[in-house]
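Numbering of residues begins at 1 and proceeds along the displayed sequence.
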Amino acid sequence: MKKRIGTVLVLFVSICFITSCTTLKGNVPFGYQPSLIAVSKKVNKNVGFDVLIDKRPSNEVKATERPIQDVTNKITYKIIEDFRSSGIFTEVNFPAKDTDDLIIKGEINKFIWREDNNWFAVIFLPLVYFGLPVGDYVGEADITLKVIDNKTGQVLGTVRGAGEQRLTVTLYSMSVGEIGSELAEAFRQCVKQLKEKILTEISF
């Protein structure tokens, strides 16, 4: 009985070691290339951005605060960069100017990268060496933007975008690609939705 318990503990430690050798690289989630959108409409107005507010649960904040410094600033800046690249507004400013036609405020509901371990692999550890998945790398992003008329203060509309990217990994694919690219893809999907919804769901 003791021998079996010892064996299980060894297997458990081994699989934990295999799946914990990865660390999120703080710059990777912000390195994606802005996506093309399926809407050809453009808004002939200048828009100013405020820094987004972090509304994530405390456990998600703690999970990213070490690898990513100033997460709200970096998310805001990347969205601004994406909007500018897409050219859906005449001008995108940060900080916002008094002369801007629109102000965009926002909230970060989710922005997380994590590892989901396959605990089935703990029991069948030898199969890991034959390609049994050790777990998934998961990136999730969820952001809300509010578009406001800068002259009247009227909220013209609120849109929400979300994205998720999951990659199943094996012992041999763990080192392929950059750690955190799943979050970059989820972030890209999220901002793409935001751009499309602003153009299709809000009347200017």
Got a list of side-chain donor-acceptor pairs under 3.5 Å for residues 98-106, not counting sequence neighbours?
{"from": "Asp100", "atom 1": "OD1", "to": "Asn93", "atom 2": "ND2", "distance (Å)": "2.7"}
{"from": "Asp100", "atom 1": "OD2", "to": "Lys97", "atom 2": "N", "distance (Å)": "2.6"}
{"from": "Asp101", "atom 1": "OD2", "to": "Asn46", "atom 2": "N", "distance (Å)": "2.8"}
{"from": "Lys105", "atom 1": "NZ", "to": "Asp50", "atom 2": "OD2", "distance (Å)": "2.5"}

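Annotation: side chain of Glu140 is not in contact with side chain of Cys190 (no heavy-atom distance under 4.5 Å). At a threshold of 4.5 Å between non-hydrogen side-chain atoms, the residues Ile68 and Pro29 count as touching. Annotation: side chain of Tyr77 is not in contact with side chain of Phe49 (no heavy-atom distance under 4.5 Å). You'll find the side chain of Glu201 reaches within 4.5 Å of the side chain of Val159, heavy atoms only. Using a 4.5 Å heavy-atom cutoff, the side chains of Ile53 and Ile108 are not in contact. The closest side-chain heavy-atom distance from Leu183 to Phe111 is below 4.5 Å. Residues Ile143 and Arg160 form no side-chain contact, since every pair of their non-hydrogen atoms from C-beta on lies 4.5 Å or further apart.
Evaluation of the salt bridge (Lys or Arg N to Asp or Glu O under 4.0 Å) rule for Asp149 yields no partner, not counting sequence neighbours.
Side-chain N or O atoms of Thr76 include one that pairs as donor or acceptor with a backbone N or O of Thr72 at under 3.5 Å. Checked by atom type and distance alone, the side chain of Thr144 never pairs as donor or acceptor with a backbone atom of Glu107 at under 3.5 Å. A donor-acceptor pair under 3.5 Å is absent between the side-chain atoms of Ser86 and the main chain of Ile88, judged by distance alone. Of the possible donor and acceptor atoms, one in the side chain of Gln189 sits under 3.5 Å from a partner among the backbone N and O of Glu164. Although no hydrogens or angles enter the test, the distance criterion places a donor-acceptor pair under 3.5 Å between the side chain of Lys78 and the main chain of Tyr32. At distances below 3.5 Å, at least one donor-acceptor pair connects side-chain atoms of Thr90 with backbone N or O atoms of Lys45. In this structure a side-chain-to-backbone donor-acceptor pair under 3.5 Å is present from Lys41 to Leu199.
Ring geometry for Phe89 against Phe83 counts as parallel: the plane angle stays under 30°, on a 0 to 90° scale with 60° as the upper cut.
Between the NZ atom of Lys195 and the OG1 atom of Thr200 there is a distance of 13.0 Å, given to the nearest 0.5 Å. Remark: Asn73 CG to Phe94 CZ distance equals 6.5 Å, nearest 0.5 Å. Of the inter-residue distances, the one linking Gln165 atom CD with Arg188 atom CZ reads 8.5 Å to the nearest 0.5 angstrom.
Put simply, the residue from Ile37, Asp82, Leu145 that forms a side-chain contact (heavy atoms from CB on, under 4.5 Å) with Leu194 is Leu145. Screening Gln69, Arg114, Arg56 for a side chain to side chain donor-acceptor pair (under 3.5 Å) with Thr64, the sole residue that qualifies is Arg56.
In this structure, Arg166 does not pair ionically with Glu182, as no charged nitrogen and carboxylate oxygen lie closer than 4.0 Å.
Checked by atom type, the side-chain pair Lys146/Thr158 shows no donor-acceptor distance below 3.5 Å.
With hydrophobic clusters built from ILVMFWY side chains whose heavy atoms lie under 4.5 angstrom apart, Val28 does not share a cluster with Ile179. Placement of Leu156 and Leu52 within a single hydrophobic cluster is found when ILVMFWY residues are connected by side-chain heavy-atom separations under 4.5 Å, directly or transitively. Residues Val61 and Val51 do not share a hydrophobic cluster, clusters being chains of Ile/Leu/Val/Met/Phe/Trp/Tyr side chains in contact below 4.5 Å. Ile198 and Ile148 are not part of a single hydrophobic cluster, where members link through side-chain heavy atoms under 4.5 Å apart.
No more than 12 heavy-atom neighbours from other residues, nucleotides or ligands sit within 6.0 angstrom of CG on Asn44.
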- Task: Give the C-alpha distance, both sets of side-chain angles, the deciding distance and a yes or no for side chain to side chain contact (heavy atoms under 4.5 Å, CB included) between Arg84 and Glu81.
- Result: CA-CA 5 Å; Arg84 284 174 176 165; Glu81 180 186 273; 5.9 Å; no
